[in-house]
K.L.:
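Mind looking over this structure? Questions follow.
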Amino acid sequence: MTTAAISRSDFWLRFSHSKNAVIGAIIVTIVTLAAIFAPVLAPQDPGKVSILFTWEPPGDRYTLGADALGRDVLSRLVWGARVSLLVAFSVLSITLVIGVTLGMIAAWSRGWPDSLIMRTVDVVFAFPEVIIALLIAAVLGPGTLTVIVALSMVWWPGIARMTRSLVLSLREELFVEAAVACGTPPWKIMWKHFLPNIISPLIVRASIGVGFIIMAEATLSFLGIGVQEPMPTWGGMIRDGLPELRSDPHLALAASASLGITMIGFNLLGDGLRDVLDPKGAR
Amino acid sequence: MPGYIARRIGGLLFIWFVAVLISFAALQFVPGDPILVLLSDQSGDAALEARLRADYGLDRSLPLQFIDYIGSIADGSFGLSYRFAGREVIEIIEGGMWITPLLAITALVIAVPLGVFLGIAAATRAGQLADTAIILLLVCGISIPNFALATTLVWLLSIKAGLLPVAGWGSFSQMILPVVVLTVPPVAYIARLTRSYMLEVFEKDYIRTARAKGVRDRLVVWRHALRNTLVPLLTSIGIIFGGLLSGSFVVETIFNIPGLGRIAIESIFARDYPVTMSVVLLFTVFYSLINLAVDLSYALIDPRIRLQGQSA
């Protein structure tokens, strides 16, 4: 495992030579900008109902048409990006904090905390992801919180396991031994010595993770157990557009295309970053 | 090997117990009182309420309820529905119990050879136009969510071209689109893995030896390289099957297929939680059995796995 940090200029050189990374980064930047500036970019209020324009086809008034309640599809798409990315960002932050902390504790202690944490990880892995989501949806009821809790439950064990294996090999290094000999407290070793050395595989993992989380959020919202109305989500828009596929295909197809392109963007960026940062880890 | 099998089966039973425990706990935490929901209009009828509570065993202590719960799983009834008074859960789910595994296994049977074939096709043309085209296809296959793909295919093939039925279950033509939608992501995933494993194997000494001996190219790929690729591929079957189970929720909802996935989603909205939990249990069992089968066959092939941890 090579976790040796590469210099900044080296990184950008390799990055700009990776076609995947560049195309992915462009798509991701566009989606992220749309999400951040949704209130400015969206031509209309995404929740504004106008009964005069229900099922309005794409045209001058509504670039991408209007839905069953006369809400602007384009505005809802832009706001949908915001919801998707907010969920992904929340889940990623939660799981990185929990996963990295527990993974480090497991690797550092090697005793019963290690066994306890890793057995818990094994148990979570033994359940299909969708089942965990279903259980949480049953207990908490459908909603945004359900999505965030469910996806965090599913996502932290992978990060914990990866952190543990990275730290296990790091703690044999001389500089760690030196730090221990100097009496550096464990939390400081973890923060100052381990974290900087495991950051690039974590970045790769996170960039691939965003794609997965967006997909999972959209799936739960599509099934109706995710983010609820009136918040616009791509998954929810596809579900609402599906029965109207014969008469107004633009409703479901516009959201499908947004979701598909976003996913392609994050996956390309993830693959590209992996090639750049962690060539040995490339499958 | 027997020790390894015993350890794995022990692990399996533990996971099942955890699943039963979690689903029982979840039933305690779900909002609302099921008996009051069942009573609805007759909620003033104390005698009826007491009778229902006794029928559902909800008047008993929690440990006794848990024993009842295990008993209902053991006798295959899975307890009583919260939605249909007095009906056993098994009556609601038994229709779907075979549909979901059937769809998943059909998709798997198609996806593995197709994915391996595509992966080999790309690996043997590494760097060429065909390789790039296949990679591009695979990125799309992995990225595009199954419900977005299903929506697009229904629009193109069923509505625009009128080739296939929009939804439903029962005939062969109704099975085509669901299976295609389920198959695309695993094909892309398997092909990607095969391609990178193949490229790795091509660098190995034994491949160079085989080529140096003058073994024909096709034989090198299909005999020497493929065999060594299939072993690591085997381990990913579990992940793929897990993906297919999640896919079944989406596909059954879109195509109106009366499988376990759709039953589970409907049961959440109907607050029929015993049904939800029984699907949770069944899917956990399917998933763990597939993983056990994968691990056992892997251990059979690779002695290092079955010996692992034995000395520890």
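Hydrogens, waters and symmetry mates are skipped; everything else that's a heavy atom, side chains included, is used. Residue numbers begin at 1 in each chain, while the letters A, B, ... track the order of the sequences.
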K.L.:
Say whether, by atom type as modelled, one donor and one acceptor occur between the side chain of A:W234 and the main chain of A:L77 under 3.5 angstrom.
P.N.:
yes
K.L.:
Can you label the angle between the B:Y69 ring and the B:F24 ring as parallel, tilted or perpendicular, going by 30° and 60°?
P.N.:
tilted
K.L.:
Test side chain to side chain contact (heavy atoms under 4.5 Å, CB included) on B:R271 and B:Y273; report intermediate values, then the result.
P.N.:
CA-CA 5 Å; B:R271 295 177 181 266; B:Y273 300 116; 3.5 Å; yes
K.L.:
Quick one: closest heavy-atom pair of B:I263 and B:I92, and the distance?
P.N.:
CD1-O, 3.7 Å
K.L.:
Does B:A264 offer a backbone N or O that forms a donor-acceptor pair with the side chain of B:S267 under 3.5 Å?
P.N.:
yes
K.L.:
Could you have a look at B:V30, B:T151, B:N291, B:T284 and say which one has the most heavy-atom pairs with chain A under 4.5 angstrom?
P.N.:
B:T151
K.L.:
Side chain, backbone, both or neither: which part of B:A19 has a non-hydrogen atom closer than 4.5 Å to chain A?
P.N.:
both
K.L.:
Considering residues, nucleotides and ligands other than A:R171, do more than 12 of their heavy atoms fall under 6.0 Å from its CZ?
P.N.:
yes
K.L.:
Can you name the side-chain hydrogen bond (donor to acceptor under 3.5 Å, both in side chains) partners of B:T100, sequence neighbours left out?
P.N.:
B:E252
K.L.:
Count the heavy-atom pairs under 4.5 Å between each of A:I225, A:N267, A:L223, A:I261 and chain B, then report the option with the highest count.
P.N.:
A:L223
K.L.:
Measure distances from B:F14 to the heavy atoms of chain A and classify the residue's part below 4.5 Å as side chain, backbone, both or neither.
P.N.:
side chain
K.L.:
If you count heavy-atom pairs under 4.5 Å with chain A, which of B:F249, B:F286, B:F283 comes out on top?
P.N.:
B:F249
K.L.:
Do A:R76 and A:D240 sit within salt-bridge range, that is, some charged N less than 4.0 Å from a carboxylate O?
P.N.:
no
K.L.:
When only heavy atoms count and the cut-off is under 4.5 Å, which of residues 133-141 of chain B reach chain A?
P.N.:
B:V139, B:C140
K.L.:
Out of A:L245, A:D271, A:V139, return the one with the most heavy atom pairs under 4.5 angstrom to chain B.
P.N.:
A:L245
K.L.:
Which bit of B:F29 is near chain A, if near means a heavy-atom gap under 4.5 Å: side chain, backbone, both or neither?
P.N.:
both
K.L.:
Quick one: what part of A:F127 sits under 4.5 Å from any heavy atom of chain B, side chain, backbone, both or neither?
P.N.:
both
K.L.:
Under the salt bridge (Lys or Arg N to Asp or Glu O under 4.0 Å) criterion, do A:R161 and A:D122 qualify, and how do the steps go?
P.N.:
CA-CA 9 Å; A:R161 188 179 271 186; A:D122 288 343; 2.7 Å; yes
K.L.:
Looking at chain B, which one of A:G235, A:S256, A:A257 has the largest number of heavy-atom pairs inside 4.5 Å, strictly under?
P.N.:
A:S256
K.L.:
Parallel, tilted or perpendicular: which fits the ring planes of A:F212 and A:W155, with parallel below 30° and perpendicular above 60°?
P.N.:
tilted
K.L.:
Answer yes or no: is there a donor N or O on one side and an acceptor on the other, between the side chain of B:S196 and the main chain of B:L193, under 3.5 Å?
P.N.:
yes
K.L.:
Does any N or O in the side chain of A:T233 come within less than 3.5 Å of the main-chain N or O of A:G236, such that one atom is a donor and the other an acceptor?
P.N.:
yes
K.L.:
If you count heavy-atom pairs under 4.5 Å with chain B, which of A:I214, A:L259, A:I136, A:L140 comes out on top?
P.N.:
A:L259
K.L.:
Below 4.5 Å from any heavy atom of chain A, which atoms of B:I15 appear? Answer side chain, backbone, both or neither.
P.N.:
both
K.L.:
With a 4.5 angstrom heavy-atom cut-off, which part of A:P243 approaches chain B: side chain, backbone, both or neither?
P.N.:
neither
